[in-house]
Amino acid sequence: MESIETLTGKYGDEGDKLIFKILNSGDFLKNARIRKDVLKDVTANNFSKMDLIVGDEYPLQFLVRDNEVLPYITEKALRYDLTVPFARFVVQHQNDLTFPFKRYQIQPVWRADRPQKGRYREFYQCDVDVIGSNSLLNEVELIQIIDEVFTALGVSDFKISINHRKILAGLAESLSIGSNFSDLVTALDKWDKIGEEGVCKELDSKGVHRDGIVGIMKFAKASSLSDIDEMIQNSEGKQGIQEVDKILNDLEKLGVKSCSFNASLARGLSYYTGTIIEVTANEASGSICAGGRYDDLTGIFGMKDISGVGVSFGADRIYDLMEERNLFPADANVSTELMFANFGEAEASFCFGLLKEVRAAGINAELYPDAAKMKKQFSYADAKHIPLVAMVGADEMAKNEVTLKNMDSGEQRTVKSSELIKELKG
RNA sequence: GUGGUUGUAGCUCAGUUGGUUAGAGCACCUGGUUGUGGUCCAGGGGGUCGUGGGUUCGAGUCCCAUCUUCCACCCCA
């Protein structure tokens, strides 16, 4: 949970609407006020939508505008991402941290959106950030992490795209459309989805002039840095090109092949100022990891000249993708390696001693909690894919033995309980 | 936020032009097996048909409202 002012204004206009606001606790209307001049003139006499009146009640929205009352009734919100709260944390604890400061964080975030495929109201982000260093080595390292993660997970066709906000800013300046910069960003980012025609249409509707649109189209179709070099003449844009060039060169030396420059990558979040990164594996389900460099985020909270860069893995989308492609190993849900069957009170307490020893030896084990019928206990072990079941009934207990059953082959044999761990380890 | 869509057993779904006691598969439970699962056989429990109104002799089926689900847009992990 964050103060609402910590979050607003960092994610763009649309982003602000998607922040999950929390109604003040207690008598939340106590301090609510609304200016006279924004009060909608609704009275019983001039109310034009009488059909909307239900009995003696009518919707409050006809009386007040929500954006006018909102500041009075909500002062907290659920975190929209992990980056902005992280920046707030860094500023708050700046005296206790050593810079460059690195951290990872895995937590849920919330979006006040209508859920749909690949989009959740609550989902987990896994963030990795380095704050307090301008070095591009951080970008290189983060991209290397992304490459390693998706390779390890078996997502074979992932693609890492990078671009640079300074290149985009340079483009906007070169084309004299600086005032439409955010329109450029949101439109360009849809290139893969709605194509050239769609992007043109959107830019046109936002009032971008014809020459600007032509320039943007040429830019979006560029496939390499050298293609855009001549389109961008100002120093800011040139710096962006140089930075991306260096990152790509370093990655090549490291043998990372999954990353490439993508002119149409733009990213909507408004706090990015440098490199921007996005990972896709299946275009339909959107990005599964994204991030970038932000120069001013800590500045907003009162700590100047600290640059940070980070990426965020979308855990739920990655999970969906892996589930869809059957990438989870069959033994992923095997947690118990050995189950002691329960034959009754005396046998169970005997097994409890063995259970402690087995666990101390690093083997995940459990004792069935009830002295249920064997059929039920074995069904349980089977359903949970527990590979071994240990049986200690009256006979075994008397002889200090354990009967082990291999659930896969069905074989079973009896060993001395003192040999149990050796048997399991071997 | 805008447009559409869905709702029947724990899950996936049938249910004809409105007509007796709303079905199936899977899952679950019991027994066949007194200390043995994954197969098989026999039997069993479980649904105010999302909710609230209405039309009708009669509503899972038609009408209205409301909630919910999913999808697209916007935007994003």
Side-chain angles (χ1 to χ4, degrees), chain A residues 10-19 51-52 54-55 61 66-67 79-83 105-128 146 182 185-187 189-190 193-194 198 202 205 265-270 272 276-282 284-292 310-321 339-344 347 368 371-397 402-412 414:
Chain A
K10 317 294 190 299
Y11 306 110
D13 293 342
E14 285 299 322
D16 283 351
K17 291 182 200 160
L18 295 175
I19 294 171
D51 54 325
L52 289 169
V54 184
Q61 58 174 329
D66 63 346
N67 61 338
R79 70 178 96 85
Y80 181 92
D81 71 357
L82 301 181
T83 310
Q105 183 178 358
I106 300 173
Q107 276 187 314
V109 300
W110 293 268
R111 308 269 161 102
D113 202 0
R114 292 230 182 133
Q116 55 180 280
K117 189 174 204 152
R119 294 179 97 166
Y120 301 96
R121 279 208 195 102
E122 175 180 0
F123 59 96
Y124 274 77
Q125 288 194 331
C126 315
D127 268 40
V128 190
I146 295 171
S182 65
V185 167
T186 46
D189 212 32
K190 292 177 200 163
K193 196 170 186 181
I194 60 177
E202 178 158 337
S205 74
L265 170 64
R267 312 249 331 114
L269 299 186
S270 50
Y272 291 120
I276 44 182
I277 305 164
E278 190 164 280
V279 186
T280 53
N282 171 1
S285 64
S287 58
I288 49 177
C289 176
V311 294
S312 181
F313 292 84
D316 305 71
R317 283 186 181 174
I318 295 169
Y319 180 95
D320 289 345
L321 187 73
M339 183 190 92
F340 286 92
N342 188 327
F343 283 84
E347 293 90 338
Y368 195 86
K373 291 191 173 174
M374 277 307 111
K375 185 186 173 81
K376 195 175 168 75
Q377 300 195 35
F378 274 92
S379 299
Y380 169 84
D382 189 52
K384 283 193 69 179
H385 303 112
I386 297 171
L388 273 177
V389 173
M391 282 171 287
V392 184
D395 294 353
E396 286 91 347
M397 223 174 109
V402 178
T403 299
L404 285 172
K405 170 157 176 161
N406 181 317
M407 291 297 280
D408 196 35
S409 64
E411 288 170 47
Q412 58 186 64
T414 304

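All values derive from a computational prediction rather than experimental measurement. Throughout, protein chains are lettered first and strands after them, A, B, ... in sequence-line order, and every chain is numbered starting at 1.
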Chemist: Is any side-chain heavy atom of Arg111(A) closer than 4.5 Å to a side-chain heavy atom of Phe123(A)?
Modeler: yes

Chemist: Measure the CG-CD distance between Asp113(A) and Glu14(A) for me, rounded to the nearest 0.5 Å.
Modeler: 9.5 Å

Chemist: I'd like to know if the side chain of Gln412(A) pairs up with that of Thr403(A) as donor and acceptor (distance under 3.5 Å, no hydrogens or angles considered).
Modeler: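 Judged by distance alone, the side chains do not pair up.
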
Chemist: In which stems does RNA chain B show up, taking only runs of three or more Watson-Crick or G-U wobble pairs whose two distances fall under 3.5 Å?
Modeler: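 RNA chain B stems, ordered by first number: B:1-4 with B:70-73, B:10-13 with B:23-26, B:28-32 with B:40-44, B:50-54 with B:62-66.
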
Chemist: Return the value, rounded to whole Å, for the distance between atom NZ of Lys17(A) and atom P of C76(B).
Modeler: 12 Å

Chemist: For Leu269(A), which contact category applies under a 4.0 Å heavy-atom criterion: base, sugar-phosphate, or nothing?
Modeler: sugar-phosphate

Chemist: Pick the C1' atom in G7(B) and in U12(B), then give their distance to the nearest Å.
Modeler: 14 Å

Chemist: Please say whether more than 12 non-hydrogen atoms of neighbouring residues, nucleotides or ligands are located less than 6.0 Å from OH in Tyr124(A).
Modeler: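 Not buried by this count: 12 neighbours or fewer within 6.0 Å.
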
Chemist: Atom CD of Glu122(A) and atom C1' of C76(B): how far apart are they, to the nearest Å?
Modeler: 16 Å

Chemist: I need the CZ-P distance between Arg317(A) and C76(B), as an integer number of Å.
Modeler: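 Atom CZ in Arg317(A) sits about 11 Å away from atom P in C76(B).
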
Chemist: Can you name the nearest heavy-atom pair linking Ile386(A) to Met339(A), along with the distance?
Modeler: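 Looking at all heavy atoms of both residues, the closest pair is CG2-N, 3.8 Å.
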
Chemist: Considering only the P atoms, how many Å lie between C71(B) and U6(B), rounded to the nearest integer?
Modeler: 14 Å

Chemist: Give me, pair by pair, the N or O atoms of the protein and of nucleotides 1-3 of chain B that are less than 3.5 Å apart, along with how far apart they are.
Modeler:
residue : atom : partner   : partner atom : Å
U2(B)   : O4   : Arg114(A) : NH1          : 2.8
G3(B)   : O6   : Arg114(A) : NH1          : 3.2

Chemist: How far apart are the closest heavy atoms of Glu202(A) and Ile194(A), and which atoms are they?
Modeler: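 That would be OE1-CD1, 4.3 Å.
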
Chemist: What's the gap between U16(B) and U39(B) when it is taken at their C1' atoms, as a whole Å value?
Modeler: 38 Å

Chemist: G4(B) C1' sits how many Å from Lys117(A) NZ, rounded?
Modeler: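 One finds 17 Å between C1' of G4(B) and NZ of Lys117(A), rounded.
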
Chemist: So what does Cys289(A) hit on the nucleic acid, given a heavy-atom distance under 4.0 Å: a base, only sugar-phosphate, or nothing?
Modeler: sugar-phosphate

Chemist: Atom CD of Glu14(A) to atom P of C76(B): distance rounded to whole Å?
Modeler: 8 Å

Chemist: Looking at every strand, decide which applies to Arg267(A) at a 4.0 Å heavy-atom threshold: base, sugar-phosphate, or nothing.
Modeler: sugar-phosphate

Chemist: Counting only heavy atoms not in Tyr319(A), do more than 12 fall under 6.0 Å of its OH?
Modeler: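 Not buried by this count: 12 neighbours or fewer within 6.0 Å.
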
Chemist: Generate the contact string for nucleotides 33-44 of chain B. Rules: B means base contact, S means sugar-phosphate contact only, - means no protein heavy atom under 4.0 Å.
Modeler: --BBBB------

Chemist: Working to the nearest 0.5 Å, report the span between CD1 of Ile19(A) and CZ of Arg79(A).
Modeler: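 Separation between the atoms: 13.5 Å.
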
Chemist: Going by the rule ring pair (Phe, Tyr, Trp, His ring centres under 6.0 Å), which residues pair with Phe313(A) if we only count those two or more places apart in sequence or in a different chain?
Modeler: Phe150(A)

Chemist: Rounded to the nearest Å, what distance is computed from the CZ atom of residue Arg121(A) to the P atom of nucleotide C71(B)?
Modeler: 13 Å

Chemist: Provide the distance between the two C1' atoms, one in G52(B) and one in C70(B), to the nearest whole Å.
Modeler: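 Pairwise C1' distance, G52(B) against C70(B), rounds to 24 Å.
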
Chemist: Can you tell me, in whole Å, how much space there is between the P of G45(B) and that of A22(B)?
Modeler: 14 Å

Chemist: For Glu122(A), which residues count as a salt bridge (Lys or Arg N to Asp or Glu O under 4.0 Å) partner, sequence neighbours excluded?
Modeler: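 With neighbours one apart ignored, the set is empty.
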
Chemist: Determine the minimum heavy-atom distance between Ala371(A) and Gln377(A), stating which atoms define it.
Modeler: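 Reported closest heavy-atom pair: C-NE2, 4.0 Å.
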
Chemist: Rounding to the closest angstrom, what is the interatomic distance between C11(B) and G47(B) at atom P?
Modeler: 14 Å

Chemist: Asp13(A) has an atom CG; how far is it from atom C1' of C76(B), in whole Å?
Modeler: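 Asp13(A) atom CG is separated from C76(B) atom C1' by 15 Å.
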
Chemist: State whether the aromatic ring of Tyr120(A) stacks on the base of A77(B), taking stacking to mean ring centres under 5.5 Å apart and ring planes under 30° to each other.
Modeler: no

Chemist: Could you give the distance separating A42(B) and U33(B) at their P atoms, to the nearest angstrom?
Modeler: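 It works out to 16 Å between them.
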
Chemist: Not counting sequence neighbours, which residues clear ring pair (Phe, Tyr, Trp, His ring centres under 6.0 Å) with Tyr80(A)? List them please.
Modeler: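 Testing Tyr80(A) for ring pair (Phe, Tyr, Trp, His ring centres under 6.0 Å), a comparison that skips the adjacent residues, returns Tyr11(A).
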
Chemist: Looking at every non-hydrogen atom in both residues, tell me the closest pair between Arg317(A) and Ser287(A) and how far apart they are.
Modeler: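 Scanning both residues, the minimum pair turns out to be NH1-O, 2.9 Å.
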
Chemist: Identify whether any heavy atom of Ala381(A) sits under 4.0 Å from a base atom; if not, whether one sits that close to sugar-phosphate; answer base, sugar-phosphate or nothing.
Modeler: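 The answer is nothing, as Ala381(A) stays clear of every strand by at least 4.0 Å.
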
Chemist: Provide the distance between the two P atoms, one in C41(B) and one in C13(B), to the nearest whole Å.
Modeler: 26 Å

Chemist: For Asp189(A) and C76(B), give me the distance from atom CG to atom C1', rounded to whole Å.
Modeler: 9 Å

Chemist: When we call it a touch if two heavy atoms are under 4.0 Å apart, what does Lys193(A) touch: a base, just sugar-phosphate, or nothing?
Modeler: base

